**Q** 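Before we start, here is the structure in question, set down as structure tokens.
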Amino acid sequence: MYQPKTKETDSSVIEFIENVDSPKKREDAYQLLDIFTETTGFIAKMWGPSIIGFGSYHYKYESGHEGDAPLVGFSPRKAKISLYFATGDTKREELLKGFGKHTSGKSCVYINKIADIDLNVLKELINQSVKFLRETYPNN
């Protein structure tokens with residue numbers, strides 16, 4: 001049976017951030033930690049070795065594949081900071097138009113630094129993602 005790689009762990013979020021090589025990226029990670037915590041009301045948890053997640057939901061696809069994932073999260077990676085939002089939410093693309101300098105993939109939005117983005121739009125993206133996932137997976 002399929003086992004997801006990214007599971008909630010007991011690892012320390014602060015310890016993880018303290019081990020980020022770049023001082024600027026570490027500073028941005030602490031700022032994101034504050035923003036995500038204040039916006040969601042959830043305590044940050046490590047998911048896998050490198051994702052800081054907030055809240056969680058249980059998903060189950062028609063294929064039978066199921067698992068748990070954070071509602072939203074981020075990871076201060078070497079190249080860019082990855083922001084994790086809900087996939088499939090059409091409002092995300094609309095919000096991203098006013099977000100600032102970024103690139104995006106299926107579930108990730110990538111930024112170089114916090115100074116490149118609009119923090120109010122970030123908070124809207126976080127709230128919209130949580131709302132969308134709660135509506136899509138109501139039994140959580």
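Keep in mind the model is a prediction, meaning the values are calculated, not measured.
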**Q** Does any part of the side chain of R92, heavy atoms only, come nearer than 4.5 Å to the side chain of L95, both counted from C-beta?
**A** no

**Q** Taking K25 for the side chain and R77 for the main chain, is one N or O donor matched with an acceptor at less than 3.5 Å?
**A** yes

**Q** Under a 4.5 Å side-chain heavy-atom rule over Ile, Leu, Val, Met, Phe, Trp and Tyr, are F42 and W47 clustered together?
**A** no

**Q** As an exercise, state the distance from OG1 of T39 to CG of D34, rounded to the nearest 0.5 Å.
**A** 10.0 Å

**Q** Any salt bridge linking E94 with K91? Criterion: basic side-chain nitrogen under 4.0 Å from a carboxylate oxygen.
**A** no

**Q** Locate the shortest heavy-atom distance separating P76 from V20; write the atom from each residue and the value.
**A** CG-CG2, 3.7 Å

**Q** Do the side chains of K131 and E135 get close enough for a salt bridge, i.e. N-O under 4.0 angstrom?
**A** yes

**Q** Say you draw a straight line from CD of E93 to CZ of F99; how long is it, rounded to the nearest 0.5 Å?
**A** 12.0 Å

**Q** Please check if I35 and F74 belong to a single hydrophobic cluster, counting links between Ile, Leu, Val, Met, Phe, Trp and Tyr side chain heavy atoms closer than 4.5 Å.
**A** yes

**Q** To the nearest 0.5 Å, what is the distance between CG (L119) and CD (Q31)?
**A** 6.0 Å

**Q** May I ask you to test the L83-H102 pair for a side-chain heavy-atom distance under 4.5 Å?
**A** no

**Q** If every non-hydrogen atom of Y57 is compared with every non-hydrogen atom of L71, which pair is closest and at what distance?
**A** CD2-CD2, 3.8 Å

**Q** Counting only N and O atoms by type, is there a donor-acceptor contact under 3.5 Å from the side chain of S82 to the main-chain atoms of C108?
**A** no

**Q** Can you measure from CG (L133) to OG1 (T87) and round to the nearest 0.5 angstrom?
**A** 7.5 Å

**Q** For residues P70 and K45, determine if any side-chain heavy atom of one lies less than 4.5 Å from a side-chain heavy atom of the other.
**A** no

**Q** Of all heavy-atom pairs between F132 and A86, which one has the smallest distance, and what is that distance?
**A** CD2-CB, 3.5 Å

**Q** May I ask you to test the I43-F54 pair for a side-chain heavy-atom distance under 4.5 Å?
**A** no

**Q** CG/N19 to OG/S50 distance, rounded to the nearest 0.5 angstrom?
**A** 12.5 Å

**Q** Return the minimal non-hydrogen interatomic distance between Y110 and K80, and the atom names on each side.
**A** CB-CD, 3.7 Å

**Q** Is any side-chain N of the basic residue among D116 and K113 closer than 4.0 Å to the acidic one's carboxylate O?
**A** yes

**Q** Do E66 and H58 come within less than 4.5 Å of each other through their side chains, counting heavy atoms only?
**A** yes

**Q** Quick one: do V121 and I111 end up in the same hydrophobic cluster if we chain Ile, Leu, Val, Met, Phe, Trp and Tyr together by side-chain heavy atoms under 4.5 Å apart?
**A** yes

**Q** Are F85 and L122 close enough that some pair of their side-chain heavy atoms sits under 4.5 Å apart?
**A** yes

**Q** Within the structure provided, determine whether I17 and I52 are in side-chain contact (heavy-atom separation under 4.5 Å).
**A** yes

**Q** Which value, rounded to the nearest 0.5 Å, describes the distance between E8 atom CD and D68 atom CG?
**A** 8.5 Å

**Q** Same cluster or not: I114 versus F36, using hydrophobic residues (I, L, V, M, F, W, Y) connected whenever any side-chain heavy atoms lie under 4.5 Å apart?
**A** yes

**Q** So with a 6.0 Å cut-off around NZ of K101, is the heavy-atom count from everything else above 12?
**A** no

**Q** Tell me, do F16 and P49 make a side-chain contact under 4.5 Å, heavy atoms counted?
**A** no

**Q** Applying the 4.5 Å side-chain criterion to the ILVMFWY set and letting contacts propagate, would L33 and L125 be lumped into a single cluster?
**A** yes

